[in-house]
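To start, the structure under review is shown below, and the notes come after it.
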Amino acid sequence: MAEVRYRVPKMHLGQRIVYEHPARFKRLAAGRRWRKTTLAMRAALRGASGGDPILWGAPTYQQCRIGWEELYRAAGGIADFHKSEMEVIVPPGKGRISFVSLDDPDNARGKTAYGAVIDEAGFCAERAWYDVIRPMLSDCNGWALIMGTPKGHNWFWREWQAGRDDPDGK
């Protein structure tokens, strides 16, 4: 089987540090234009390429589309994009990346994921992480990339602080 080559932008040093860090749960608070979505796309492709189901959540469908479009630029013509289901089937392992709006955290219930991206986490409801996604990942010891631009001292800020105190990100 030929090697699958995605068109993924080269990582800058900060992205490489986060990407290669062994923490199970990575909390990334970074400013605009840091290319958080590019980093998340790389992590989601890595998981799905190995055959894993990956969940990509954002506060709204419009914000999910940003990740969807970046993924399409990297894997269009390689992966199978199912726009009506907001799902991407990724070779060679035939994993999938499911995009879900977390405006209602229950939208993610019932899904299976071995990895999760929460984009713009500071704008997502707290229960999206604690009541839905975190328990979903417990079933398979899955990973998460929780990222965004800080929005006050909400749950995302508390998670980011916890990640600073626990370098393993548990």
Show every salt bridge (charged side-chain N to carboxylate O under 4.0 Å, His left out) that has at least one partner inside residues 90-100, sequence neighbours left out.
Glu87-Arg96

Determine whether a donor-acceptor pair (N or O, by modelled atom type, separation under 3.5 Å) exists between the side chain of His21 and the backbone of Ala23.
yes

Which residue pairs pass the salt bridge (charged side-chain N to carboxylate O under 4.0 Å, His left out) test with at least one member in residues 9-18, sequence neighbours excluded?
Arg16-Glu20

Common cluster, Leu55/Tyr130, ILVMFWY with side-chain heavy-atom separation under 4.5 Å:
yes

Taking Tyr114 as the starting point, is it possible to reach Leu145 by hopping between hydrophobic residues whose side chains are less than 4.5 Å apart?
no

Under the salt bridge (charged side-chain N to carboxylate O under 4.0 Å, His left out) rule, what pairs show up with a residue in residues 31-41, not counting sequence neighbours?
Arg35-Glu70

Taking only residues two or more places apart in sequence, or in another chain, which ones meet Tyr72 in a side chain to side chain contact (heavy atoms under 4.5 Å, CB included)?
Phe81

Tell me whether Asn107 contacts the main-chain N or O of Asp104 through its side chain, where contact means a donor paired with an acceptor under 3.5 Å.
yes

So, for Thr112 and Pro53, which heavy atoms are closest and what is the spacing to 0.1 Å?
O-CB, 3.4 Å

List in chain and number order the residues that pass side-chain hydrogen bond (donor to acceptor under 3.5 Å, both in side chains) with Arg73, two or more places apart in sequence or in another chain; answer none if no residue qualifies.
none

Which pair of heavy atoms, one from Ile97 and one from Ala48, lies closest together, and at what distance?
CG1-CB, 3.8 Å

What residues form a ring-ring contact (aromatic ring centres under 6.0 Å, His included) with His12, not counting sequence neighbours?
Trp34

Under the side chain to side chain contact (heavy atoms under 4.5 Å, CB included) rule, collect the residues that match up with Gln62, sequence neighbours excluded.
Thr60, Arg65

Kindly write out the residues that satisfy side chain to side chain contact (heavy atoms under 4.5 Å, CB included) with Ile78, not counting sequence neighbours, or none if the list is empty.
Val4, Tyr6, Arg7, Pro91

Should Trp129 and Val132 be regarded as members of a common hydrophobic cluster, given that ILVMFWY residues are connected when their side-chain heavy atoms come within less than 4.5 Å of each other, either directly or indirectly?
yes

Does the side chain of Pro92 reach to within under 4.5 Å of the side chain of Ser49, using non-hydrogen atoms?
yes

Between Thr38 and Gln15, is any pair of side-chain heavy atoms under 4.5 Å apart?
yes

Are Val88 and Met86 in one and the same hydrophobic cluster, where Ile, Leu, Val, Met, Phe, Trp and Tyr link if side-chain heavy atoms are under 4.5 Å apart?
yes

Find the distance between CG (Leu28) and OG1 (Thr149) and round it off to the nearest 0.5 Å.
9.0 Å

If a pair satisfies ring-ring contact (aromatic ring centres under 6.0 Å, His included) and one of its residues is in residues 44-63, list it, with sequence neighbours excluded.
Trp56-Phe99

Closer than 3.5 angstrom, by distance alone: can the side chain of Trp155 be matched with the main-chain N or O of Cys124 as a donor-acceptor pair?
yes

Taking all non-hydrogen atoms of both residues into account, name the closest pair between Ala121 and Phe156 and its distance.
CB-CD1, 3.6 Å

Give me each pair satisfying salt bridge (charged side-chain N to carboxylate O under 4.0 Å, His left out) with a member in residues 105-124, each pair once, sequence neighbours excluded.
Asp106-Arg109, Asp106-Arg127

With sequence neighbours left out, write down each residue that passes side-chain hydrogen bond (donor to acceptor under 3.5 Å, both in side chains) with Asn154, or none if nothing qualifies.
none

For a 4.5 angstrom cut-off between non-hydrogen side-chain atoms, does Leu137 reach Asn141?
no

Could I get the full list of side-chain hydrogen bond (donor to acceptor under 3.5 Å, both in side chains) partners for Ser138, not counting sequence neighbours?
Arg134

Side-chain donor or acceptor of Thr37 paired with backbone N/O of Gly67 under 3.5 Å:
no

I'd like to know if the side chain of Arg27 reaches the main chain of Met147, judged simply by a donor and an acceptor atom lying under 3.5 Å from each other, with no hydrogens or angles considered.
no

Just wondering, do Leu102 and Ile133 contact through their side chains at under 4.5 Å, heavy atoms?
yes

Pairing of Lys26 and Glu159 as salt bridge, 4.0 angstrom limit:
no

Going only through I, L, V, M, F, W and Y residues with side-chain contacts under 4.5 Å, is there a path from Leu71 to Met11?
yes

State, to 0.1 Å, how close Cys64 and Ser101 come at their nearest heavy-atom pair, and which atoms those are.
SG-N, 3.9 Å

CD1 (Ile146) and CD1 (Ile118) are apart, to the nearest 0.5 Å, by 5.0 Å

